[in-house]
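Numbered from 1 within each chain, the chains take letters A, B, ... in sequence-line order. The analysis underlying the following values was restricted to heavy atoms, covering all of them including side chains, and did not include hydrogens, waters or symmetry mates.
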Number of protein chains: 2
Amino acid sequence: MSASLATTAPTRFVDAGDTRFAYRRFGTPAGTPLVFTQHFMGNLDNFDPAIADALATGREIILFDNAGVGSSTGAAPNTVEGIAAGAASFIDSLGLSAVDILGHSMGGEVAQLVALDHPDLVRRLVLVGTGPRGGDAIARQGPDVGPLFGKRDELGEDMWLPIMFSPSKESQTAGHAFISRITARTEDRDIPVSGETIAAHRTAARGWASAPADNFGYLGRISQPTLVVNGSDDIVIPTINSYHLYKHLPDAELMLLPDSGHGAHFQYVERFVRRVIDFLDVQPHDTGLLVARGYP
Amino acid sequence: MSASLATTAPTRFVDAGDTRFAYRRFGTPAGTPLVFTQHFMGNLDNFDPAIADALATGREIILFDNAGVGSSTGAAPNTVEGIAAGAASFIDSLGLSAVDILGHSMGGEVAQLVALDHPDLVRRLVLVGTGPRGGDAIARQGPDVGPLFGKRDELGEDMWLPIMFSPSKESQTAGHAFISRITARTEDRDIPVSGETIAAHRTAARGWASAPADNFGYLGRISQPTLVVNGSDDIVIPTINSYHLYKHLPDAELMLLPDSGHGAHFQYVERFVRRVIDFLDVQPHDTGLLVARGYP
């Protein structure tokens with residue numbers, strides 16, 4: 001793993017208001033930096049190093065702990081709106097004027113609101129394993145789903161394997177590889193998310209899920225090109241919510257992957273990364289190539 | 001357009017049973033040939049030359065008229081099962097033992113059944129603007145959709161622009177470019193689909209749409225890796241049917257495109273072609289790259 005920037009990048013800190021944000025920044029200073037927004041109960045070490053490293057060859061990658069998470073100070077807000085304000089504050093504190101955001105799960109909810117509230121700051125969005133405010137069944141998970149988030153064994157296998165992957169042998173095998181990747185860092189590991197922050201974020205997630213759907217009208221005001229990604233059997237934010245995001249965002253593309261769960265991108269790293277690179281780097285230049293070949 | 005193989009490939013003929021099939025075959029003899037199966041009322045000239053040419057750089061492309069269509073002889077069957085049998089017979093007559101199939105609309109229904117009935121013949125499927133047998137609302141289109149198929153002006157604009165593209169300015173502009181591409185061939189153009197064949201195929205389409213959905217059980221027996229593609233607002237086979245295909249096929253990926261209709265791939269040629277090349281050529285080798293970079 002010696003070649004992994006994600007696994008070796010030092011944790012740095014930046015102050016914004018009363019919060020000292022912990023973050024890791026690495027990659028190639030070119031084009032638009034890509035900021036990752038994290039899922040419930042995740043800290044800096046829960047971003048998949050394989051994804052971050054692969055995308056870092058073409059841009060800067062910025063991973064961070066939001067307020068109250070891991071090594072960041074401050075109190076965790078108990079609304080997605082509050083968490084999104086923290087993300088915007090962090091990005092601003094780095095002096096960045098344009099970013100792409102890759103948000104997973106609750107991080108995808110956060111990413112939607114940052115894009116909505118800061119249209120000039122956010123260029124493109126990648127939303128993975130997430131859903132719209134008031135989405136279908138986000139708050140009506142099976143009774144066996146909630147308790148999974150409490151299974152905090154040393155490596156996280158009892159928690160993340162059933163949450164992020166499908167029950168199939170192939171998906172679970174990919175899950176074990178994912179666990180190996182996120183536990184590969186030996187030095188400068190992040191601090192586990194506190195019980196207080198978990199409680200606040202759980203309230204935030206429930207508030208998002210139980211909001212009136214209002215026919216997802218707010219999505220019509222998120223004008224950034226968006227790539228929506230999920231697995232076939234997401235038990236945390238059911239897959240149909242990705243379809244809703246796609247249908248109601250003005251400029252979205254949907255990528256749904258086979259035999260997979262809430263962490264489909266952790267399972268299909270190569271396929272996901274190629275698609276994201278196409279979306280971020282190639283697709284914006286989809287003009288003129290047909291003409292160059294002589295086609296109208 | 002002088003560089004376009006699709007626009008200049010001669011029409012050839014092959015006999016299978018009582019039918020003489022018209023076809024065009026071109027590209028690079030490498031890997032698995034890609035057979036296109038055509039939509040309702042389409043003949044050899046309705047395949048988008050830009051898509052066929054771009055995919056022909058990495059494989060052989062085979063376009064054909066099914067029985068009773070265009071320059072092919074024979075009577076058009078009035079069931080999708082019958083049309084699929086014709087497609088399999090044509091492929092067999094070329095002596096091919098393995099093909100990929102890219103099926104659009106009714107051609108996607110045909111492709112499903114060829115893959116189901118000939119699992120060893122079909123390696124991978126691309127299903128565009130199509131749906132499962134007994135799918136949602138395939139038979140319950142708006143009252144304004146059916147008559148569009150009768151609007152046969154010289155270029156097909158009155159028919160294909162509202163059927164294949166969304167009402168937006170961007171989509172309609174892409175539609176005009178598409179019409180220019182499919183009308184670019186000046187010599188050896190195909191024969192329009194006859195009224196008799198249209199009637200038979202309309203019966204076939206209605207039979208497919210009105211079949212019992214049976215929870216789409218037959219899709220569980222189509223084991224080939226499948227890429228399902230559609231636009232956001234398909235008025236012919238509503239977009240939700242692509243989601244059903246994806247959810248019920250054992251190994252499918254879904255790609256839904258923004259602000260587009262039944263012919264989304266004609267609108268986003270470059271994005272579609274890159275994705276199909278990844279699906280057909282790159283993805284089957286998604287093993288070991290992570291390991292090569294040192295990741296578990």
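Counting heavy-atom pairs closer than 4.5 Å to chain B, the top residue among D251(A), I240(A), I179(A), D259(A) is I240(A). Put simply, of S232(B), S260(B), P225(B), P250(B), the one with the most heavy-atom pairs under 4.5 Å next to chain A is S232(B).
In this structure, CG on L254(A) lies 8.5 Å from OH on Y246(B), to the nearest 0.5 angstrom. In this structure, CZ on R275(B) lies 9.0 Å from CD on E253(A), to the nearest 0.5 angstrom.
Contact annotation for A50(A): both backbone and side-chain heavy atoms come within less than 4.5 Å of a heavy atom of chain B. For A54(B), the parts lying near chain A are the backbone and the side chain together; criterion is any non-hydrogen pair under 4.5 Å.
Minimum interatomic distance between R274(A) and Q283(B) (heavy atoms only, all atoms of both residues): NH2-CA, 3.8 Å. Contact between R271(A) and D278(B) at its shortest, heavy atoms only, is CG-OD1, 4.4 Å. Here the shortest heavy-atom pairing between A252(A) and P258(B) reads O-CB, 3.2 Å. In terms of heavy-atom proximity, L256(A) sits nearest to Y243(B) at CD1-CE1, 3.6 Å.
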